Amino acid sequence: MYKPEHPRPDRFRPRWLNLNGEWQFTIDSGCSGKERKLHERGIFTGKIEVPFVPESKLSGIGYQDFIKSVWYRREIEIPADWQGGRVLLHFGAVDYLAEVWVNGVSAGTHKGGYTPFVFDISVLLNSDKNILTVNTYDDVLDPMQPSGKQCDRYYNHGCHYTRCTGIWQTVWLEWVPELYITDFKLTPDVDNGRLFISAALNQYAGGQMFTAVASLDGEFSAECVAIATGKTVSAVLDLPGAKLWNPSAAAGTGAPVLYDLKLKIGDDEVATYFGMRKIEINGFAIEINGRPVFQRLVLDQGYYPDGIYTAKDDEEIKRDIVLAMEAGFNGARMHMKVFEPRYLYWADRLGYMVWGEYPNWGLDERDERALLHMLPEWIEAVKRDYNHPAVVGWCPFNETRPERAADIFKSVYQTTRLYDAMRPIIDTSGYVHAVTDIYDVHDYEQNIDIFRERYAKVADGSHIWLNRPDIEKYEGQPYFVSEFGGPWRNIDGGEDGWGYGQAPRDEEEFYARYQGWVDALLDNPRICAFCFTQITDVMQEKNGMYTFRREPKYDMARVRAINEKKAAVEKE
């Protein structure tokens, strides 16, 4: 079985069963499967390796033409000791519309290709063997379907890549007692030495006792008790003098300390973890735990040669973070995709800052109906990832058009702010802002003299460079060059592929150009962060620090030395 590890180490229960592996499979070209009652008695002619999409090599299929509908089926058997409670069926992510049947009866539907969903299937189960069937529908050409960088043509082109249809994250079963925790929100309060805990329950449980116990390196740290009210419970865990979670690359600020946490109500116990850290904007700097930390980010699109959207294993997920840190980057924009939760787990563990994004491309944001198709899934993503200390900001849109419906961006910003009061929010990365806490631009200027002069004027305030000065207005926020660089270099052989601007003639020209870019940004007292395009090549886009197979193109020690120069906003 691929990916045998628990997919959500941030919410672990011991009784769970991984459903990855071989499933029966068929492509439904005419989208007629429900009419033909495939969920009841259909013949499935193929096999697929879940959780890899049929377009991928690892799925065992590798069919890369347009696929609108697919069907999955497998037999499941519930462990004998899973009695006296509930059985939950979890999907990490399924692109795009999903319906699930258990023994021919619909368990539910989900809309959105990037976020998790769960069904209580207890009443649908037989005492012995059971048949699980899944149908997905996916149309990247639908202007109301967010699809990110998935290609809208037969052949990949530009920065659009192979499509991904159906199940692409782990599927698993979980046993829970009759009363259980369905969700929880952990909010650190560093200044007052406490952690706010808010938990949601599956049923009314007024008067039930809820406990939370924190430990560090196996040693008891703190405990709190609260009484549930209705279907919720709120508690405060006091942690005076708590050790803080800090980015690993923030010199002199400590390490990414993580506390273990057990949440318990009735017979239910969930194991999770948290980091004590705060994020603030102070002048032109973003501060982590009261210290300005320049975010030296790299664009990470989360594509893999053999799995496309899905990493082959946990090591492949972790490796991309390690490779970025070896090059001197202290974080990433998780770009145009909601990444697998274990990416965030490793970011938390390694002290690697990330921005949560959404794959809005494919969605026509000029149409106000787009809000109905995007906002529910975006909030699901924010809720899923809120507790991760590595997440330092949100950005729901990327490179939107001037003629977009600005009220959509304001509504998404405001709704995100209602759920998360602590992190900065960028409404749309690059080009056209409606409301934003940090002002960001995309700038692929390859001429270093022009680039340096442009940001020298930003530094002294004589001219703030904007992507669209005809319609944009800068309001004094910290300034973030959230995409730059992208120089073309193909070491795989052949002339295929592309990058931004004229390719460097040799490695030395690359180092000179890279140092010119980075120095211009690090030396600028108004700039709080940058994001270089990109960590790896992605298919035909050949502008990574590493190839698509993760081979280094450059001397990463030299790149790291350039990146680790102290920034103007970090100086005392």
Side-chain angles (χ1 to χ4, degrees), residues 246-251 253 255-256 288 293-305 311 315-335 339 343-344 346-355 390 392 443-444 446 448 451 480-492 499-500 503-504 506-523 527-538 541-567 570:
N246 281 289
S248 290
T253 60
I288 306 294
V293 177
F294 193 100
Q295 296 183 14
R296 298 158 173 84
L297 309 181
V298 67
L299 202 72
D300 189 337
Q301 304 202 62
Y303 277 78
Y304 305 92
E315 185 58 34
E316 193 168 54
I317 293 174
K318 178 183 177 182
R319 180 179 59 177
D320 283 357
I321 297 175
V322 171
L323 291 177
M325 295 179 75
E326 288 176 351
F329 297 105
N330 59 13
R333 286 179 60 197
M334 298 188 297
H335 188 49
F339 281 42
Y343 182 100
L344 291 166
W346 284 114
D348 292 338
R349 292 284 170 197
L350 296 171
Y352 187 72
M353 298 179 290
V354 295
W355 279 75
V392 295
D443 187 354
Y444 286 106
Q446 301 294 307
I448 296 305
F451 191 88
F480 176 14
V481 181
S482 58
E483 287 187 29
F484 77 99
W488 183 92
R489 187 176 186 223
N490 182 8
I491 68 170
D492 294 328
Y500 292 94
D506 52 33
E507 279 195 49
E508 290 304 318
E509 183 177 337
F510 167 79
Y511 297 128
R513 194 183 299 182
Y514 188 71
Q515 180 148 16
W517 282 321
V518 170
D519 283 352
L521 301 176
L522 290 177
D523 293 343
I527 294 180
C528 63
F530 68 59
C531 182
F532 175 77
T533 302
Q534 60 184 320
I535 185 59
T536 72
D537 296 345
V538 181
E541 191 172 351
K542 305 290 187 180
N543 51 18
M545 285 288 185
Y546 298 84
T547 69
F548 200 24
R549 290 284 177 187
R550 279 52 176 179
E551 299 162 334
K553 293 185 182 180
Y554 309 105
D555 180 347
M556 293 305 160
R558 291 185 66 173
V559 174
R560 183 185 184 102
I562 294 170
N563 283 335
E564 290 187 337
K565 177 182 178 181
K566 197 165 189 178
E570 294 173 320

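Just so it is clear, the model here is predicted, and its values are computed rather than measured.
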Legend entry - Stepwise salt bridge (Lys or Arg N to Asp or Glu O under 4.0 Å) test for Glu507 and Arg558: CA-CA 11 Å; Glu507 279 195 49; Arg558 291 185 66 173; over 6 Å; no
Inset, instruction - For Gln446 and Tyr444, indicate whether the former's side chain and the latter's backbone hold a donor-acceptor pair under 3.5 Å. - result: yes
Legend entry - Cationic N near anionic O, under 4.0 Å, Arg550 to Asp320: yes
Legend entry - Candidate pair Tyr511 and Asp555, rule side-chain contact (heavy atoms from CB on, under 4.5 Å), full reasoning: CA-CA 9 Å; Tyr511 297 128; Asp555 180 347; 3.2 Å; yes
Inset, instruction - Under the side-chain contact (heavy atoms from CB on, under 4.5 Å) rule, what do Glu541 and Gln301 come out as? Steps first, then yes or no, please. - result: CA-CA 11 Å; Glu541 191 172 351; Gln301 304 202 62; 3.7 Å; yes
Legend entry - Atom pair NZ/CZ of Lys566 and Phe294 - distance to nearest 0.5 Å: 14.0 Å
Inset, instruction - Considering non-hydrogen atoms only, spot the tightest contact between Cys528 and Phe480 and give its length. - result: SG-CB, 4.2 Å
Inset, instruction - Decide yes or no for Asp537 and Arg549: does some side-chain heavy atom of the first lie under 4.5 Å from some side-chain heavy atom of the second? - result: no
Legend entry - Close side-chain approach of Gln534 and Glu483, heavy atoms under 4.5 Å: no
Legend entry - Whether Lys553 side chain and Arg489 backbone form a donor-acceptor pair below 3.5 Å: yes
Inset, instruction - Decide yes or no for Ile491 and Thr547: does some side-chain heavy atom of the first lie under 4.5 Å from some side-chain heavy atom of the second? - result: yes
Inset, instruction - Start with the C-alpha gap between Asp300 and Arg333, add the side-chain angles, then the distance that decides, and say whether salt bridge (Lys or Arg N to Asp or Glu O under 4.0 Å) holds. - result: CA-CA 6 Å; Asp300 189 337; Arg333 286 179 60 197; over 6 Å; no
Inset, instruction - Measure across Trp488 and Gly499 and return the closest heavy-atom pair with its distance rounded to 0.1 Å. - result: CD1-N, 2.9 Å
Inset, instruction - Please round to the nearest 0.5 Å and tell me the distance separating atom CG of Asp443 and atom CZ of Phe530. - result: 13.5 Å
Inset, instruction - Answer yes or no: is there an ion pair linking Glu316 with Arg319, defined by an N-O contact shorter than 4.0 Å? - result: yes
Legend entry - Shortest non-hydrogen contact between Tyr343 and Ala332, atoms and distance: OH-CB, 3.9 Å
Legend entry - Sequence-distant partners of Tyr514, ring pair (Phe, Tyr, Trp, His ring centres under 6.0 Å), two or more places apart: Phe510, Phe532
Legend entry - Reported CD-to-CZ distance for the pair Gln295 and Phe329, which is rounded to 0.5 angstrom: 13.5 Å
Legend entry - Gap between atom CG of Leu297 and atom CG of Asn563 - 0.5 Å precision: 10.5 Å
Inset, instruction - Taking the side chain as every heavy atom from C-beta outward, state whether Glu326 and Leu323 have any pair of such atoms under 4.5 Å apart. - result: yes
Inset, instruction - Indicate the atoms forming the closest heavy-atom contact of Tyr500 with Gly485, along with that distance. - result: CB-O, 3.8 Å
Inset, instruction - Measure across Glu564 and Arg296 and return the closest heavy-atom pair with its distance rounded to 0.1 Å. - result: CA-NE, 4.3 Å
Inset, instruction - Please step through side-chain contact (heavy atoms from CB on, under 4.5 Å) for the pair Tyr303 and Phe548, ending with a clear verdict. - result: CA-CA 8 Å; Tyr303 277 78; Phe548 200 24; 4.0 Å; yes
Inset, instruction - Answer yes or no: is there a side-chain heavy-atom contact under 4.5 Å between Asn330 and Val293? - result: yes
Inset, instruction - Look up atom OG1 in Thr533 and atom CG in Asn543, then write down how far apart they are to the nearest 0.5 Å. - result: 6.5 Å
Inset, instruction - Find out whether Tyr546 and Ile535 are in side-chain contact, i.e. whether some heavy atom of one side chain is under 4.5 Å from a heavy atom of the other. - result: yes
Legend entry - Beyond-backbone contact of Phe484 with Leu521, side-chain heavy atoms, under 4.5 angstrom: yes
Legend entry - Side-chain (Arg560) to main-chain (Met325) donor-acceptor, under 3.5 angstrom: yes
Inset, instruction - Working to the nearest 0.5 Å, report the span between CD1 of Ile562 and CG of Asp519. - result: 7.5 Å
Inset, instruction - Specify the closest pair of heavy atoms between Ser482 and Cys531, including all atoms of both residues, with the distance to one decimal. - result: O-CB, 3.1 Å
Inset, instruction - Check whether any side-chain N or O of Tyr554 sits under 3.5 Å from a backbone N or O of Met545 as a donor-acceptor pair, and report yes or no. - result: no
Report all side-chain donor-acceptor pairs from residues 346-354 shorter than 3.5 Å, counting only partners two or more places apart or in another chain.
unit_1, atom_1, unit_2, atom_2, d
Trp346, NE1, Asp314, OD1, 3.2
Trp346, NE1, Asp314, OD2, 3.0
Asp348, OD1, Ala390, N, 3.0
Asp348, OD2, Tyr273, OH, 2.6
Asp348, OD2, His388, ND1, 2.5
Tyr352, OH, Gly331, O, 3.3

